[in-house]
Amino acid sequence: MPYHHYEVIGRRKPKEHKVDIEAKLKGEDTKLPETEEPKIYRMKIFAPNTVVARSRFWYFLSKLKKIKRANGEIIAVNEIFEKQPNHINNYGIWLRYDSRSGTHNMYKEYRDTTLTGAVEKM
């Protein structure tokens with residue numbers, strides 16, 4: 001299954017303010033407090049399709065920040081293409097994995113024409 005390189009952009013949903021209906025019916029002036037825009041998070045993810053990319057975005061964002069999928073929204077999912085897919089490059093990939101003896105960091109280099117090709121070689 002070939003992988004694609006996606007950029008997923010999401011944020012926490014803006015807070016909704018409750019309107020006092022009785023005060024509105026009486027004609028009283030009800031001013032809503034100004035809402036500040038939620039912070040936008042951007043992540044580059046390798047996935048076979050956009051559905052998996054969106055799922056991985058929420059998985060990693062919930063680990064990094066205190067945001068759940070129910071309290072957030074995805075603004076955009078863009079596929080990233082190589083600018084020069086015919087040139088050969090060396091790509092270095094840092095990764096961390098858990099084994100029976102503990103957690104290990106690993107660095108490995110791959111030579112390929114695209115970054116997604118290098119990730120597929122892993």
Side-chain angles (χ1 to χ4, degrees):
M1 182 178 279
Y3 277 86
H4 301 278
H5 191 187
Y6 293 104
E7 178 187 45
V8 184
I9 304 168
R11 67 177 182 174
R12 185 187 303 266
K13 286 182 184 172
K15 293 185 178 180
E16 296 178 8
H17 294 288
K18 294 182 180 176
V19 179
D20 188 9
I21 296 172
E22 292 180 7
K24 213 170 196 180
L25 290 174
K26 291 179 185 175
E28 297 175 5
D29 188 25
T30 58
K31 292 184 179 179
L32 296 175
E34 291 186 23
T35 60
E36 58 180 65
E37 281 294 311
K39 202 173 194 180
I40 294 176
Y41 300 99
R42 191 178 88 190
M43 217 175 276
K44 293 185 178 181
I45 295 175
F46 294 93
N49 54 41
T50 57
V51 175
V52 176
R54 294 165 66 102
S55 175
R56 300 312 291 164
F57 172 79
W58 287 119
Y59 173 79
F60 289 123
L61 192 63
S62 67
K63 298 281 184 197
L64 296 170
K65 301 289 180 181
K66 199 172 179 180
I67 300 175
K68 295 192 301 185
R69 183 183 297 191
N71 298 333
E73 61 185 356
I74 289 182
I75 298 170
V77 179
N78 304 320
E79 187 171 353
I80 299 172
F81 297 100
E82 294 287 329
K83 291 180 182 172
Q84 297 175 335
N86 298 329
H87 291 148
I88 298 173
N89 290 326
N90 292 333
Y91 294 100
I93 298 174
W94 287 93
L95 62 103
R96 176 178 226 163
Y97 67 95
D98 293 325
S99 69
R100 289 188 291 174
S101 60
T103 304
H104 306 285
N105 294 323
M106 188 171 93
Y107 175 76
K108 197 158 184 186
E109 289 187 357
Y110 297 96
R111 188 169 172 84
D112 205 319
T113 55
T114 62
L115 182 58
T116 53
V119 169
E120 283 181 14
K121 285 184 178 180
M122 284 180 38

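Quantities reported herein were computed from a predicted structural model and do not represent experimental measurements. Just the heavy atoms: all of them, side chains too, but no hydrogens, waters or symmetry mates, feed the values below.
Rounding to the nearest 0.5 angstrom, the gap separating the CD1 atom in Ile45 from the OG1 atom in Thr50 is 11.5 Å. Rounding to the nearest 0.5 angstrom, the gap separating the OH atom in Tyr91 from the CG atom in Asn89 is 4.0 Å.
Here the closest heavy-atom approach between residue Arg12 and residue Pro38 is recorded as O-CG, 3.1 Å. Minimum interatomic distance between Gly72 and Lys13 (heavy atoms only, all atoms of both residues): O-CE, 3.3 Å.
Note on ring orientation: taking the six-membered ring where Trp is involved, the planes of Phe46 and His5 are parallel (angle under 30°, cut-offs 30° and 60°).
When the side-chain hydrogen bond (donor to acceptor under 3.5 Å, both in side chains) test is applied to His4, the partners found at least two apart in sequence or on another chain are Glu79. Under the salt bridge (charged side-chain N to carboxylate O under 4.0 Å, His left out) criterion, Arg54 pairs with no residue, sequence neighbours left out. Residues satisfying the salt bridge (charged side-chain N to carboxylate O under 4.0 Å, His left out) criterion with Glu73, sequence neighbours excluded, are Arg11.
Put simply, the side chain of Glu7 reaches to within 4.5 Å of the side chain of Arg42, judged on heavy atoms. In this structure, the side chains of Arg96 and Asn105 come closer than 4.5 Å at one or more pairs of heavy atoms.
Under the 4.5 angstrom side-chain criterion for Ile, Leu, Val, Met, Phe, Trp and Tyr, the cluster partners of Ile75 are Ile9, Ile40.
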Would you mind writing out the side-chain donor-acceptor pairs for residues 109-122 within the sub-3.5 Å range, not counting sequence neighbours?
unit_1: Glu109; atom_1: OE2; unit_2: Tyr107; atom_2: OH; d: 2.8
unit_1: Arg111; atom_1: NH1; unit_2: Asn90; atom_2: OD1; d: 3.0
unit_1: Thr114; atom_1: OG1; unit_2: Thr116; atom_2: OG1; d: 3.4
unit_1: Thr114; atom_1: OG1; unit_2: Gly117; atom_2: N; d: 3.0
unit_1: Glu120; atom_1: OE2; unit_2: Tyr3; atom_2: N; d: 2.8
unit_1: Lys121; atom_1: NZ; unit_2: Arg111; atom_2: O; d: 2.8

Please set out all donor-acceptor pairs under 3.5 angstrom arising from side-chain atoms of residues 57-69, sequence neighbours excluded.
unit_1: Ser62; atom_1: OG; unit_2: Trp58; atom_2: O; d: 3.1
unit_1: Ser62; atom_1: OG; unit_2: Tyr59; atom_2: O; d: 2.8

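Tracing side-chain contacts under 4.5 Å through hydrophobic residues (I, L, V, M, F, W, Y), one reaches Tyr6 starting from Met43; they form part of the same cluster.
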